[in-house]
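One structure is given here, and the rest of the page talks about it.
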Amino acid sequence: MTYLIHGATGAQGSPVVAALTKSGASVAAAVRDPSTYSGDGTAVAVDLTSVASLAAAYEGVDGVFVHLPIGTGEQQLAHARNIVAAVDKARPARVVVSTSGYSAEDDGSGENPVAALAAGLTATGVSVAIVAPRLFLENLLLPPVTSVVERDGVLRYPIREDYAVSWSSHLDIADVVARLLADTSVTGIVGVGALPGLRGADLAAGFAAQLGREVHFESQEPDDFGSLIEPLFGKAGSDPVVDSYRWRATQESELIDPATSAQERLGLSPRSVEKWLVDLQG
């Protein structure tokens, strides 16, 4: 089995490459410049602005893992349409998509890139599974977050103390993607994340257990969080993040549907916060 992995050097794709390689599968990394790739498997040049480039890479593979790279809404929508056109042309045996935590529901505007990608791929008739996480635990590893944990024993993050989230890690996504690439009987949405959802105190307890010291959670204003991450991502990168946490402040919770969860559909449960932290250390 040969699987083509988009973003093979990134946060989501790299763990997928590792999981597939460990299982004995043949992996090809879809990258802009194969000469710079130093990971497992081979590397294939792809250009998200070119349908021909993508179709050539998809031809004859057993499965493709894809998620949209960070960019403007226009760029992402163009990439989504190109990926759909390439899949329709090359007809790979299987496509697994990660929503990267964004909504895959069509809001009627036609401008939701993830919704366009999911719906477009499904319409091709190719076997498609859509991995739908919520928030990534890796967000808690940003330096402005971890520095306060290490210095003060405070996990400070821009969600309410009572806000329950189906948190998951990139390692959990990789486990689910690897299973879905191999098992084509499961199609449609597969939610990934903790059930019941985790609140701030649960996150802090996981850090405390792994660190062997007291850690407590403290809610943070989204704008204050934005001022801390802007030096890392720039204003253009941090503003959408801040907006997403302002939206979360208006919501009751952020949970996956148990009926379409990986727990129910695949028998796979996400790692606890403590287990995730331990696994990161190797």
Side-chain angles (χ1 to χ4, degrees), residues 4-8 10-16 30 46-49 51 54 58 63-88 92 94-139 165-170 172-174 176-177 180-181 186-193 233 236-248 250-251 254-257 259-262 265 270:
L4 183 76
I5 311 303
H6 278 271
Q12 287 193 73
S14 179
V16 172
V46 297
D47 179 357
L48 287 169
T49 68
V51 173
L54 291 166
Y58 297 164
V64 176
F65 170 62
V66 63
H67 57 96
L68 294 175
I70 295 173
T72 67
E74 289 183 357
Q75 289 171 331
Q76 289 187 319
L77 190 57
H79 292 164
R81 290 169 174 163
N82 288 343
I83 291 166
V84 169
V87 166
D88 197 28
R94 174 73 153 170
V95 179
V96 177
V97 181
S98 172
T99 66
S100 302
Y102 296 101
S103 172
E105 294 184 5
D106 186 358
D107 60 6
S109 70
E111 296 180 356
N112 179 338
V114 175
L117 179 62
L121 289 172
T122 301
T124 67
V126 169
S127 176
V128 175
I130 301 162
V131 178
R134 294 298 188 264
L135 281 174
F136 292 120
L137 287 170
E138 284 75 10
N139 295 351
V165 179
S166 290
W167 289 87
S168 63
S169 77
H170 293 311
D172 300 319
I173 302 303
V176 171
V177 170
L180 288 171
L181 284 170
V186 179
T187 59
I189 295 287
V190 179
V192 183
F233 304 115
S238 63
D239 280 355
V241 174
V242 173
D243 287 343
S244 74
Y245 287 102
R246 288 176 182 150
W247 171 81
R248 289 183 171 92
T250 69
Q251 304 301 301
E254 195 169 351
L255 305 174
I256 62 172
D257 182 352
T260 56
S261 67
R265 302 199 71 191

- For residues Pro113 and His79, determine if any side-chain heavy atom of one lies less than 4.5 Å from a side-chain heavy atom of the other. no
d(Tyr245 OH, Gln251 CD) to nearest 0.5 Å is 14.0 Å
ask   = Given the rule in the side-chain contact (heavy atoms from CB on, under 4.5 Å) test, do Thr124 and Val84 qualify, once you have shown the distances and angles that lead to the verdict?
value = CA-CA 8 Å; Thr124 67; Val84 169; 4.2 Å; yes
Nearest heavy-atom contact between Ala104 and Ala118 is CB-CB, 4.4 Å
Between the CZ atom in Arg134 and the OG atom in Ser168, the distance rounded to the nearest 0.5 Å is 9.5 Å
A quick test of your reading: do over 12 heavy atoms of other residues, nucleotides or ligands sit less than 6.0 Å from OH of Tyr102? no
For Ser166 and Leu255, the nearest pair of non-hydrogen atoms, with its separation, is OG-CA, 3.3 Å
TODO: Report yes if the side chains of Val126 and Leu121 come closer than 4.5 Å at any heavy-atom pair, otherwise no.
DONE: no
Nearest heavy-atom contact between Val16 and Val177 is CG1-CG1, 3.9 Å
Review point. Parallel, tilted or perpendicular: which describes the rings of Tyr58 and His6, with under 30° parallel and over 60° perpendicular?
Key: perpendicular
Closest heavy-atom pair, Ile173 versus Gln12, reported as atoms and distance to 0.1 Å, is CG2-OE1, 4.0 Å
Derivation and outcome, side-chain contact (heavy atoms from CB on, under 4.5 Å), residues Leu180 and Arg94 = CA-CA 9 Å; Leu180 288 171; Arg94 174 73 153 170; 3.9 Å; yes
Value for CG (Asp243) from CZ (Arg248), rounded to nearest 0.5 Å, stands at 11.0 Å
Does the side-chain contact (heavy atoms from CB on, under 4.5 Å) test come out yes or no for Thr187 and Thr122, once each step is laid out?
CA-CA 9 Å; Thr187 59; Thr122 301; over 6 Å; no
Between the NE2 atom in His67 and the CG atom in Leu117, the distance rounded to the nearest 0.5 Å is 11.0 Å
So Val176 and Val190, side-chain contact (heavy atoms from CB on, under 4.5 Å) or not? Walk me through it.
CA-CA 9 Å; Val176 171; Val190 179; 4.1 Å; yes
What one should report as the nearest heavy-atom pair of Val186 and Ala129 is O-CB, 3.8 Å
- prompt: Judged by atom type as modelled, is there a donor-acceptor pair below 3.5 Å linking the side chain of Asn112 to the main-chain atoms of Glu105?
  reply: yes
OG1 of Thr260 to CD1 of Ile130, rounded to nearest 0.5 Å, is 10.5 Å
Closest heavy-atom pair, Leu54 versus Ala86, reported as atoms and distance to 0.1 Å, is CB-CB, 3.4 Å
Rounded to the nearest 0.5 angstrom, the CG-CD1 distance for Asp257 and Ile189 is 10.0 Å
Practice problem: Please check if the side chain of Asp172 supplies one atom and the backbone of Ser169 the other of a donor-acceptor pair under 3.5 Å. | Solution: yes
Side chain proximity check, Val131 to Phe65, heavy atoms < 4.5 angstrom: no
